[in-house]
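Report on the following structure.
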Amino acid sequence: MRKLSVSERGLETLFGAYDENLKILEQAFRVKIAARGTDLTLRGDPSRTKLAAKLISQLSELAEKGHPLRRGDVQLAVKLFQEDGDVKLARLLAGDRVKAPAMRREVVPKSPNQRRYMEAIREHDMVFGIGPAGTGKTYLAVAMAVNSLLERRVNRIVLARPAVEAGEKLGYLPGDMVEKVNPYLRPLYDALYDLVDRERADSLLARGTIEIAPLAFMRGRTLNDAFVILDEAQNTTSQQMKMLLTRIGTNSKVVITGDITQIDLPDTRVSGLVEAQKVVGDIQGIIFIYFDETDVVRHSLVQNIILAYQNYTGNRSETRGGAPAEASKKAAQPEGVPSSTGSD
């Protein structure tokens with residue numbers, strides 16, 4: 001049994017509606033929590049009650065300072081504590097926020113890797129974010145880009161994607177070339193409209209301050225004073241990747257995102273993202289951040305789906321560049337490429 005007292009200020013936030021947050025903690029740590037005013041009693045395995053009490057103390061401090069503790073925040077805090085009992089929640093849940101006056105919402109990293117990713121984007125001119133779907137690679141990059149634009153650190157944003165057919169034939173789609181490739185760029189529009197009021201976003205797009213275009217449109221250009229994001233980079237060829245990486249001009253930042261387990265190129269083509277890890281991984285000023293299923297911020301089922309596919313593929317390897325099929329850091333990182341933790 002372990003007893004602790006928490007601050008009266010923010011007590012309702014800490015407990016949650018109908019003690020929802022306490023029930024999440026009970027289930028996660030397999031302990032029983034009894035509350036009488038600001039005094040809590042935890043019963044269960046000593047190691048689990050100690051960890052739960054440590055987490056409650058940190059959550060109480062956040063609630064006392066006025067930080068909202070939504071269900072997702074508490075679930076994230078539990079996951080972080082189960083991975084590292086010494087983690088400081090104030091930095092992850094209350095710090096490292098991206099917010100400019102004109103942004104619709106505050107963006108907060110939801111995992112240690114997401115925090116490293118955001119720090120890397122702040123501190124480096126070229127960042128690669130590699131990992132499975134749903135880990136926030138593109139959304140966080142767009143948030144950082146919008147924040148940089150609205151705070152006038154860059155003059156424009158360029159969002160690019162390779163228009164690669166993933167089972168569907170481009171030629172059968174209705175409309176001209178722009179209308180044919182537009183569906184491939186939709187995820188970038190979705191992220192943008194989620195972060196910026198639609199009217200303002202449309203104005204920025206109309207003026208060319210924000211440009212969303214197929215990767216092929218980048219050829220021959222020099223991108224100065226720009227925040228450039230290349231999404232779905234696993235579907236670039238070697239030549240396309242080299243072309244994009246050499247577009248960077250003065251006062252520009254480039255973020256490249258992709259998932260090397262979902263390559264839609266023909267089997268005979270080498271993925272530019274897989275190859276880039278080996279070619280530019282040792283260049284100073286370039287950093288690779290690797291995500292895995294624990295960073296997934298979509299529906300909880302997505303984590304299980306990713307793991308199921310990893311188990312199904314077993315020891316099969318990608319033939320495009322020799323990268324293993326598993327969506328893990330070990331699989332994604334070729335020998336000689338520095339890890340995100342080593343450069344943090």
For the residue pair Y117 / D295, report whether a side-chain donor-acceptor contact shorter than 3.5 Å exists. no
Any link between F217 and M241 through a network of hydrophobic side chains (Ile, Leu, Val, Met, Phe, Trp, Tyr) touching at under 4.5 Å? yes
Taking ring-ring contact (aromatic ring centres under 6.0 Å, His included) as the test, write out the residues that go with F128, two or more places apart. F288
Which residue pairs satisfy the side-chain hydrogen bond (donor to acceptor under 3.5 Å, both in side chains) criterion with at least one member in residues 205-218, sequence neighbours excluded? S203-R207, E211-R221
Between E61 and K65, is there a salt bridge with N-O shorter than 4.0 Å? no
Heavy-atom donor-acceptor pair, T135 side chain to G131 backbone, under 3.5 Å: no
Any idea which heavy atoms bring T222 and G249 closest together, and the distance? CG2-CA, 4.2 Å
Enumerate, atom names and distances included, each donor-acceptor pair closer than 3.5 Å involving a side-chain atom of residues 44-53, sequence neighbours excluded.
residue: D45; atom: OD2; partner: S47; partner atom: N; Å: 3.0
residue: D45; atom: OD2; partner: S47; partner atom: OG; Å: 2.3
residue: D45; atom: OD2; partner: R48; partner atom: N; Å: 3.3
residue: R48; atom: NE; partner: F29; partner atom: O; Å: 3.0
residue: T49; atom: OG1; partner: D45; partner atom: O; Å: 3.2
residue: T49; atom: OG1; partner: P46; partner atom: O; Å: 2.9

CZ/R153: more than 12 non-hydrogen atoms of other groups inside 6.0 Å: yes
Side chain to side chain contact (heavy atoms under 4.5 Å, CB included) between V31 and L25: does it pass, once the steps are laid out? CA-CA 8 Å; V31 298; L25 296 172; 5.9 Å; no
Check the hydrophobic clustering (I, L, V, M, F, W, Y; side-chain heavy atoms under 4.5 Å; chains of links allowed) and say if V279 and V274 are grouped together. yes
Hey, are Y139 and Q114 close enough side-chain-wise for a donor-acceptor pair under 3.5 Å? no
Is the backbone of A63 close enough, under 3.5 Å, to the side chain of H67 for a donor and an acceptor to pair up by distance? no
For the backbone of D39 and the side chain of S5, can you confirm whether one donor and one acceptor N or O come within less than 3.5 Å of each other? no
Side-chain contact, heavy-atom cut-off 4.5 Å: E64 with L11? no
Would you check if the side chain of K253 reaches a backbone N or O of V228 as a donor-acceptor pair within less than 3.5 Å? no
Test: side-chain hydrogen bond (donor to acceptor under 3.5 Å, both in side chains). Region: residues 9-38. Which pairs qualify, not counting sequence neighbours? E20-R71
For the side chain of N235 and the backbone of D264, is there at least one donor-acceptor N/O pair under 3.5 Å apart? yes
Do T41 and M1 come close enough that some side-chain heavy atom pair is under 4.5 Å? yes
Please say which of T236, L159, T257 ends up in a side-chain contact (heavy atoms from CB on, under 4.5 Å) with L230. T236
Would L204 and Y193 show up in the same hydrophobic cluster when neighbours are defined by side-chain heavy atoms closer than 4.5 Å? yes
Side chain proximity check, M218 to V158, heavy atoms < 4.5 angstrom: yes
Work out which heavy atom in D259 is nearest to a heavy atom in P132; give both atom names and the distance. OD2-CA, 3.5 Å
Check against side chain to side chain contact (heavy atoms under 4.5 Å, CB included), V254 and V127: CA-CA 6 Å; V254 178; V127 177; over 6 Å; no
Indicate the atoms forming the closest heavy-atom contact of L59 with A77, along with that distance. CD2-CB, 4.1 Å
Measure across S271 and A233 and return the closest heavy-atom pair with its distance rounded to 0.1 Å. OG-O, 4.4 Å
Evaluate L22 against I24 for side chain to side chain contact (heavy atoms under 4.5 Å, CB included), listing each step before the verdict. CA-CA 5 Å; L22 295 184; I24 293 173; over 6 Å; no
Check salt bridge (Lys or Arg N to Asp or Glu O under 4.0 Å) between D190 and all other residues, then give those that pass, not counting sequence neighbours. R186
I need the minimum non-hydrogen distance between I229 and A145, along with the two atoms involved. CD1-CB, 4.0 Å
Any heavy-atom pair between the side chains of L140 and M118 that's under 4.5 Å? yes
With salt bridge (Lys or Arg N to Asp or Glu O under 4.0 Å) as the rule and sequence neighbours excluded, what pairs involving residues 227-247 come up? R161-D231, R161-E232
Apply side chain to side chain contact (heavy atoms under 4.5 Å, CB included) to the pair I287 and E123, showing each step before the final yes or no. CA-CA 10 Å; I287 185 169; E123 298 170 6; over 6 Å; no
Between Y309 and E293, does a side-chain hydrogen bond (donor to acceptor under 3.5 Å, both in side chains) hold up when you go through it step by step? CA-CA 11 Å; Y309 270 94; E293 71 282 350; over 6 Å; no
Under 3.5 Å, is there a donor-acceptor pair between the side chain of Q234 and the main chain of Q262? yes
Looking only at heavy atoms, the pair that brings A201 and V196 closest together is N-CG1, 3.9 Å
